Number of protein chains: 2
Amino acid sequence: MKTTTEAGREAGDAALGTRERIVRAASRLMQRQGYEGTGIKQISREAGATLGSVYHFFPGGKQELATEAIRHGDQEFTDILREALDGADDPAEAIAACARTVAEALRASDWIDGCPVTATSIGTAESAPDLQRAAAEAFARWRGLVEDELRASGFAEESARELAHTVISTLEGAELAAQLARDEAPLLIAGRHLARLIDSYR
Amino acid sequence: MKTTTEAGREAGDAALGTRERIVRAASRLMQRQGYEGTGIKQISREAGATLGSVYHFFPGGKQELATEAIRHGDQEFTDILREALDGADDPAEAIAACARTVAEALRASDWIDGCPVTATSIGTAESAPDLQRAAAEAFARWRGLVEDELRASGFAEESARELAHTVISTLEGAELAAQLARDEAPLLIAGRHLARLIDSYR
DNA sequence: CACGGACTAGAACGAACGCTCTATCCGATA
DNA sequence: TATCGGATAGAGCGTTCGTTCTAGTCCGTG
């Protein structure tokens with residue numbers, strides 16, 4: 001029997017390598033159930049891999065796997081953000097568009113798939129500081145992306161830095177609020193308010 | 001031996017009833033470790049109560065206890081918010097003050113104690129919908145408080161409603177960002193930006 | 001054809017989980 | 001003083017946890 005593409009419980013992941021399938025399964029499960037709520041066996045089952053494979057690729061165990069899952073989520077949102085920033089004429093409109101994209105994805109998952117980075121890292125400050133660090137790096141990266149775009153659009157150094165902070169904070173909080181309320185309004189409103197706030201610094 | 005005030009592992013809680021001690025211990029532990037990361041036995045130990053007492057007061061088990069813990073956290077932030085709103089002359093300054101208060105508490109706990117409502121309810125959408133509902137009610141209550149204050153200060157109906165949404169979303173997201181970065185800057189910046197945004201609707 | 005490293009496979013371990021159960025204690029009432 | 005329900009106490013249930021371990025399969029290279 002073929003070993004790498006067998007089982008293939010993941011629709012589009014059948015062609016991927018075992019390691020990548022494990023990371024993706026871990027990322028999606030922890031996005032929905034958190035770090036503590038997700039078991040290694042569940043991940044291996046969902047990824048169509050065995051326990052042996054998981055510990056082969058991630059000898060550091062659950063923490064190492066979760067760290068990689070966070071980096072995967074980091075990259076996912078980085079792509080969304082970059083696409084929004086590249087697709088709009090000005091940063092304010094780009095952020096609003098990004099909020100709409102997130103709202104759309106959230107609704108499409110029936111309000112289940114929130115931010116994978118937040119969901120995976122929350123509540124692990126004491127037990128798994130590695131996760132906190134990886135999550136902090138993700139936030140910093142997103143913030144840097146927005147900051148660079150604002151500076152490139154002519155905003156002052158300090159304004160760009162502070163606006164980028166609030167953009168990421170607000171998007172994150174609004175996604176959480178939207179998920180809890182099962183309503184995309186918080187995200188759409190946040191997008192409009194962020195655009196207005198950015199424009200007020202022109 | 002006296003039963004209700006024995007053990008008293010909680011500094012100021014010795015005089016409280018058993019039920020209240022259990023709720024407070026659950027709230028604080030879940031604030032730090034999340035719902036799945038916190039065990040009933042750990043809660044009972046920390047509260048100076050026994051397993052029997054926990055199931056006596058919360059026959060619904062962990063979910064019922066966690067729901068009550070969320071309501072406790074809801075009330076905690078409601079008090080902070082109301083104090084801020086009552087203590088400042090205008091809503092914009094009140095929100096900024098509230099952000100400063102949250103930042104102070106977060107730093108005082110060495111970036112461990114985030115929002116108890118968020119930390120407890122995240123990642124439970126599928127396994128414990130009761131928690132999601134309790135958390136959503138908390139967010140709605142906070143939002144209502146801000147909205148009422150804005151309307152009382154003369155803001156238009158729709159502006160007040162939308163601003164309240166963003167105020168709560170941004171505070172929540174900024175607290176998360178501050179906790180991850182171990183830096184109060186995200187909260188302080190968010191407070192100033194929210195004040196600016198509110199003022200722009202005058 | 002034989003070897004060896006990468007990878008797959010899953011049984012088994014001790015610990016911890018949420019929860020049930022019976023037994024006991026205490027203070028207010030009759 | 002006898003009674004009885006609220007509250008306390010913790011042993012023990014079955015299950016699942018993260019992890020370890022040994023065995024086996026595959027395939028490129030000598």
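Remember, predicted model here, so these are calculated numbers, not experimental data. Per chain, numbering begins at 1; letters A, B, ... match sequence-line order.
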Verify, without hydrogens or angle tests, whether B:Ser53 (side chain) and B:Ala49 (backbone) share a donor-acceptor contact under 3.5 angstrom.
-> no

Return the residues of residues 117-128 of chain B meeting this criterion: a heavy atom under 4.0 Å from some atom of DNA chain D. Order them by number, or give none.
-> none

Answer yes or no: does a side-chain N or O of B:Ser53 lie under 4.0 Å from OP1 or OP2 of D:dA7?
-> no

Might you confirm whether atom CD of A:Glu104 has over 12 heavy atoms from other residues, nucleotides or ligands at distances under 6.0 Å?
-> no

Whole Å only: how far is the CD atom of B:Gln33 from the P atom of C:dC17?
-> 10 Å

Rounded to whole angstrom units, what separation is found between the CZ atom of B:Phe58 and the P atom of D:dA7?
-> 12 Å

Look at the side chain of A:Ile40 and decide which nucleotide, out of D:dA7, C:dC7, D:dT19, has an atom nearest to it.
-> D:dT19

Quick one: A:Lys41 NZ to C:dA11 C1', roughly how many Å, whole number?
-> 10 Å

In chain order, what residues pass the side-chain contact (heavy atoms from CB on, under 4.5 Å) check against B:Arg161, with sequence neighbours excluded?
-> B:Glu147, B:Glu158

Result of checking A:Arg196, A:Arg100, A:Arg192 against A:Glu93 for salt bridge (Lys or Arg N to Asp or Glu O under 4.0 Å) = A:Arg100

Which part of the nucleic acid, if any, lies within reach of B:Gly52 when heavy atoms closer than 4.0 Å are counted: base, sugar-phosphate only, or nothing?
-> base

Atom CD of B:Gln42 to atom C1' of C:dA15: distance rounded to whole Å?
-> 15 Å

Mind calculating the distance between CD (A:Gln63) and C1' (D:dC17) to the nearest angstrom?
-> 15 Å

Expressed in angstrom and rounded to an integer, what is the separation of A:Tyr55 atom OH from C:dC13 atom C1'?
-> 13 Å

Under 3.5 Å, side chain of B:Arg21 to main-chain N/O of B:Ala47, donor-acceptor pair present?
-> yes

Rounded to whole Å, CG of A:Leu51 lies from C1' of C:dC13 at a distance of 13 Å

Any idea which of D:dG10, D:dG18, C:dT8 is nearest the A:Lys62 side chain?
-> D:dG18

Under 4.0 Å between a side-chain N/O of A:Thr18 and OP1 or OP2 of C:dT8, yes or no?
-> yes

For the side chain of A:Thr124 and the backbone of A:Ser127, is there at least one donor-acceptor N/O pair under 3.5 Å apart?
-> no

Verdict with reasoning, B:Gln42 to B:Leu29, per side chain to side chain contact (heavy atoms under 4.5 Å, CB included) | CA-CA 9 Å; B:Gln42 186 188 13; B:Leu29 285 172; 3.8 Å; yes

Rounded to whole Å, the CD-C1' distance (B:Glu20 to D:dA7) equals 17 Å

Does OP1 or OP2 of D:dA7 have a side-chain N or O of B:His56 closer than 4.0 Å?
-> yes

